[in-house]
Amino acid sequence: MLSLRNDLFNQATESVARTLLGCYLCRETEAGLVSGIIVETEAYLSINDPACHASRGKTRRNAAMFGSPGNAYVYFVYGKYYCFNVVTRPEGIGEAVLIRAVEPVEGIDIMKKRRGISSGITELASGPGKLCQAFAIDKSFDGHNLQEKPLYLADSGEPDDRIRVTATLRIGITSAQDKMLRFMVDGNKFVSRR
DNA sequence: GTTAAGATCTGCT
DNA sequence: GCAGATCTTAACG
């Protein structure tokens, strides 16, 4: 496992969203290591994108989006769930990649316990709220540097030639629904939805 | 101080 | 396939 290069995140958000597919998300908990492969992402832009939280300027909630690239932006939605993003572009821009689904690799029993289910491995992290629950990600990671433990991104070091990326419309938003900014691993059954 | 809406998930039909 | 749960955030008065 290799730590992802710092300059990887300081780029166009759509590029980062594609690059993150196939990378590992790792979380060290008291119960042990939890990890998985990122299989679905969405890009949120600062310009001409009303669906992005940063589109109406910096607020207390979205401040982390304007922080250093490679940091986490975590927010609370619908009274129950957290959503996990990776900040992109230079500091001060306000763009990020939402991690929508992860294919579980290590710590599957821990994920099941945290999710409160005993079967259905595809249900463990196939959605932004689900994966935050499985990986124990909450507001305390808002602004966290994702190259540092206990929550970090990594690469297997192996070339991922077999991954094919499909771009589609974004999901679950009520504005800017016409943008092809959702990216997923073609044919992967751990995505949130087809 | 008050209010409306939300980058979702689950359970039931 | 669809409606309800649930509560923080931000906009407005």
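Members clustered with Leu181(A): Leu45(A), by chain and number, using a 4.5 Å side-chain heavy-atom cutoff among hydrophobic residues.
Backbone-only engagement by Arg100(A) is indicated by non-hydrogen atom pairs under 4.0 Å involving sugar-phosphate atoms exclusively.
Note: CG (Asn62(A)) to C1' (dG6(B)) measures 14 Å, nearest angstrom. Taking atom CD1 of residue Ile99(A) and atom P of nucleotide dT8(B), one finds them 14 Å apart after rounding to whole Å. A straight line from CD1 of Ile137(A) to P of dT8(B) spans 16 Å, rounded to a whole angstrom. A straight line from CZ of Phe183(A) to P of dA7(B) spans 19 Å, rounded to a whole angstrom.
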Criterion side chain to side chain contact (heavy atoms under 4.5 Å, CB included) on Ser35(A) and Val105(A), from CA distance to verdict:
CA-CA 6 Å; Ser35(A) 74; Val105(A) 176; 3.9 Å; yes

Worked verdict on Phe84(A) versus Tyr82(A) for ring-ring contact (aromatic ring centres under 6.0 Å, His included)
CA-CA 7 Å; Phe84(A) 170 62; Tyr82(A) 291 98; over 10 Å; no

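Contact annotation: Arg115(A) reaches the phosphate of dT10(B) (side-chain N/O to OP1 or OP2, under 4.0 Å).
For residues 73-95 of chain A, proximity to DNA chain C is found at Phe76(A), Tyr78(A), Gly79(A), Lys80(A), defined as any non-hydrogen atom under 4.0 angstrom from a strand atom.
Position along DNA chain B of the nearest nucleotide to His53(A) versus Glu123(A) favours His53(A) as the more 5'-ward residue.
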Side-chain donor-acceptor contacts of residues 140-147 of chain A below 3.5 Å, not counting sequence neighbours, with atom names and distances?
| residue | atom | partner | partner atom | Å |
| --- | --- | --- | --- | --- |
| Ser140(A) | OG | Asp138(A) | OD1 | 2.5 |
| Asp142(A) | OD1 | Val74(A) | N | 3.0 |
| Asp142(A) | OD2 | Lys139(A) | NZ | 3.4 |
| His144(A) | NE2 | Glu148(A) | O | 3.0 |
| His144(A) | NE2 | Leu151(A) | O | 2.9 |
| Asn145(A) | OD1 | Gln147(A) | N | 2.9 |

Review item, side-chain donor-acceptor pairs of residues 108-115 of chain A, under 3.5 Å, at least two apart:
| residue | atom | partner | partner atom | Å |
| --- | --- | --- | --- | --- |
| Arg114(A) | NE | Gln133(A) | O | 2.8 |
| Arg115(A) | NE | Glu123(A) | O | 3.4 |
| Arg115(A) | NE | Leu124(A) | O | 3.0 |
| Arg115(A) | NH1 | Gln133(A) | OE1 | 2.8 |
| Arg115(A) | NH2 | Glu123(A) | O | 2.9 |

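Think of the region where chain A sits on DNA chain C: with heavy atoms and a 4.0 Å cut, that region ends 5' and 3' at dT6(C) to dA10(C).
Looking at Asp186(A) and Thr166(A), their side chains do bring a donor and an acceptor atom within 3.5 Å of each other.
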Tell me, what's DNA chain B's dot-bracket, Watson-Crick or G-U with both distances under 3.5 Å, | for other-strand, [ ] crossing?
||||||.|||||.

